[in-house]
Chemist: 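Sharing a structure here in structure tokens format.
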Protein chains: 2
Amino acid sequence: MSKCEHCISRQLNSMKSLTKEELKRVSDCKTTKFYKKGDIIFDEGESLSGVFCVRHGVAKLTKLSANGNDQTVKLLGKGELLGQRSIISDERTNLSAIALNDIELCFVPKDQIIEPLQKNQVFSFDVLQNLAKDLRGAEGDLIDMAQKSVKQRVAQVLIYVEKEFGVDEKGYLNLVLSRDDYANIVGTATESAIRIISQFKKDHLISTQGKQIKIENLQKLKLVE
Amino acid sequence: MSKCEHCISRQLNSMKSLTKEELKRVSDCKTTKFYKKGDIIFDEGESLSGVFCVRHGVAKLTKLSANGNDQTVKLLGKGELLGQRSIISDERTNLSAIALNDIELCFVPKDQIIEPLQKNQVFSFDVLQNLAKDLRGAEGDLIDMAQKSVKQRVAQVLIYVEKEFGVDEKGYLNLVLSRDDYANIVGTATESAIRIISQFKKDHLISTQGKQIKIENLQKLKLVE
DNA sequence: ATTAAAACATGACAAATATCATATTTTAAA
DNA sequence: TTTAAAATATGATATTTGTCATGTTTTAAT
């Protein structure tokens with residue numbers, strides 16, 4: 001079985017600040033889990049017994065709103081942690097985690113995180129900085145949601161997906177999302193997302209090949225109103 | 001001069017987890033600052049040299065969006081900390097803090113926070129839990145912004161203000177905000193906020209006396225669509 | 001290869017919200 | 001107290017976004 005060091009050496013998350021012994025313990029007791037596209041990793045209201053670390057693939061954190069819509073809060077790629085916050089605040093998770101494509105996760109039991117958190121200053125400060133960064137991001141998203149048009153938000157997500165998850169050799173976004181996924185991220189109706197993406201195609205800001213999307217004009221996409 | 005213990009004894013924030021010596025040091029070096037309604041406590045892009053703790057009054061954290069609108073991210077009352085995140089992540093603040101009424105703040109220099117953060121496990125874990133809570137709150141606000149109508153958000157803010165800052169002997173909200181303030185919080189146009197609040201009056205969900213607002217029917221206000 | 005289901009597309013219309021204009025009221029300063 | 005400025009109110013209208021209906025295309029299973 002592969003060791004945590006492989007992930008950690010890439011400096012992917014705060015676990016890099018664990019001591020060698022702590023890391024070995026994590027590595028020894030972690031389990032690897034596989035999920036298929038669309039699978040639920042955990043569901044709102046569940047009590048998590050540990051933290052998941054994305055080894056391969058992409059997951060989303062979502063919440064079902066009162067009117068039955070799914071709102072996606074965050075996309076998580078390689079090296080990012082799922083369930084961190086629930087473990088820290090010792091509460092049930094208020095979000096669901098769903099696989100956006102076939103995904104491989106490492107599961108690390110709660111104790112292996114909590115103990116270093118209470119004993120290893122470097123680690124806990126690092127986690128603190130991570131949470132601070134997440135908080136800044138969430139506030140930024142809130143402001144965008146309040147101040148930008150749906151069209152601007154769709155453009156922004158396309159740009160984000162290109163930057164965060166990259167493109168293949170032909171320039172298509174590596175992360176393939178449905179129009180419905182996009183709608184849930186920007187907080188709009190599926191039809192609106194479809195219409196906007198169609199318009200982007202007509203305006204040659206993007207091109208598509210089936211479900212694949214390629215950004216053709218990043219500059220103009222950034223200037224969408 | 002008053003001591004920190006007075007604030008801390010009310011268990012208002014993570015500073016309660018400082019050791020006696022740490023707390024004494026904070027208490028000794030802190031300074032008290034006064035701001036008048038509308039004053040800028042700090043501005044976007046500033047580099048903060050410490051953390052502010054609200055002793056009396058209410059402040060808001062806001063960001064100026066590209067289209068020139070102010071978006072209010074959070075209201076902060078007694079015992080809450082301003083600038084915490086910028087100090088932790090050692091970045092310039094991306095938000096402005098503005099006094100919503102006459103306000104008294106304690107200013108604690110950076111070092112007095114950073115040092116305990118790196119040495120006192122109990123304190124740093126407590127701050128961690130606070131940030132986790134803030135993050136959950138920010139995600140909740142994001143979802144509300146995406147999924148609820150402007151009317152629902154206005155109703156929600158009124159309820160929040162009553163709960164968080166209380167009412168006077170006649171039942172009027174202690175925190176007096178302008179319609180424009182409400183608009184900035186819910187992310188809408190001032191006229192829309194005015195219209196919605198007027199409608200709430202007509203529907204007897206609230207009543208007003210000048211700028212003062214009293215919630216008359218909390219149940220119905222919660223059920224606004 | 002065939003076919004059913006899912007995803008995508010698009011028109012027509014409705015609803016929510018923004019914008020602009022113009023009064024009226026309230027607040028705070030002189 | 002008077003008065004100018006700010007805040008609130010409201011109508012008319014434009015724009016954005018959502019909803020419903022109905023096709024078409026794509027995907028994936030048989």
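In what follows, chains carry the letters A, B, and so on, assigned in the order in which the sequence lines appear, proteins first and then strands, with residues in each chain numbered from 1. Just so it is clear, the values below take in all heavy atoms, side chains as well, and ignore hydrogens, waters and symmetry mates.
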Chemist: Got a sec? Which of residues 205-217 of chain A come in under 4.0 Å of DNA chain D, heavy atoms?
Modeler: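 Heavy-atom contacts with DNA chain D come from A/Gly210, A/Lys211.
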Chemist: Using a 4.0 Å heavy-atom cut-off to protein, can you give one letter per nucleotide of nucleotides 10-21 of chain D, 5' to 3': B if the base is in contact, S if only the sugar-phosphate is, - if neither?
Modeler: BBB----SBBB-
Chemist: Salt-bridge test for A/Asp141 and A/Arg136: reply yes if a basic N is under 4.0 Å from a carboxylate O, no otherwise.
Modeler: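 Judged by the 4.0 Å cut-off on N to carboxylate O distance, A/Asp141 and A/Arg136 do not form a salt bridge.
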Chemist: Please determine whether the number of non-hydrogen atoms from other residues, nucleotides or ligands lying under 6.0 Å from atom NZ of A/Lys214 exceeds 12.
Modeler: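 Counting other residues, nucleotides and ligands, NZ of A/Lys214 exceeds 12 neighbours.
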Chemist: Using a strict 4.0 Å threshold on nitrogen-to-oxygen distance, state whether B/Arg85 and A/Glu139 make a salt bridge.
Modeler: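 Yes, B/Arg85 and A/Glu139 are salt-bridged.
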Chemist: Can you check the A/Ile197 CD1 to C/dC8 P distance for me, whole Å?
Modeler: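 The distance from CD1 of A/Ile197 to P of C/dC8 comes to 8 Å, rounded to the nearest Å.
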Chemist: Expressed in angstrom and rounded to an integer, what is the separation of B/Gln152 atom CD from C/dT17 atom C1'?
Modeler: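 Whole-Å distance recorded here is 14 Å.
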Chemist: Please classify the nucleic acid contact of B/Lys201 as base, sugar-phosphate, or nothing, using heavy-atom distances under 4.0 Å.
Modeler: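 Counting heavy atoms under 4.0 Å across all strands, the contact made by B/Lys201 is with sugar-phosphate only.
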Chemist: Examine distances only and state if a side-chain atom of A/Asp134 and a backbone atom of A/Leu131 form a donor-acceptor pair shorter than 3.5 Å.
Modeler: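 No; zero donor-acceptor contacts below 3.5 Å.
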Chemist: So does A/Glu80 pair up with A/Lys74, basic N to acidic O under 4.0 Å?
Modeler: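 Yes, A/Glu80 and A/Lys74 are salt-bridged.
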Chemist: Mind running side chain to side chain donor-acceptor pair (under 3.5 Å) on B/Ser65 and B/Gln71 for me, showing each step along the way?
Modeler: CA-CA 7 Å; B/Ser65 77; B/Gln71 177 63 43; over 6 Å; no
Chemist: Can a salt bridge be assigned to the pair B/Glu225 and B/Lys151 using a cut-off of 4.0 Å between side-chain N and carboxylate O?
Modeler: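 Judged by the 4.0 Å cut-off on N to carboxylate O distance, B/Glu225 and B/Lys151 do not form a salt bridge.
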Chemist: Check A/Ile41, A/Val73, A/Thr62 against A/Ser96 for a side chain to side chain contact (heavy atoms under 4.5 Å, CB included) and give me the one that passes.
Modeler: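 Running side chain to side chain contact (heavy atoms under 4.5 Å, CB included) over A/Ile41, A/Val73, A/Thr62 with A/Ser96 returns exactly one hit, A/Thr62.
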Chemist: Indicate whether OP1 or OP2 belonging to D/dA7 is found under 4.0 Å from a side-chain N or O atom of B/Arg179.
Modeler: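 B/Arg179 to D/dA7 OP1/OP2: no side-chain N or O under 4.0 Å.
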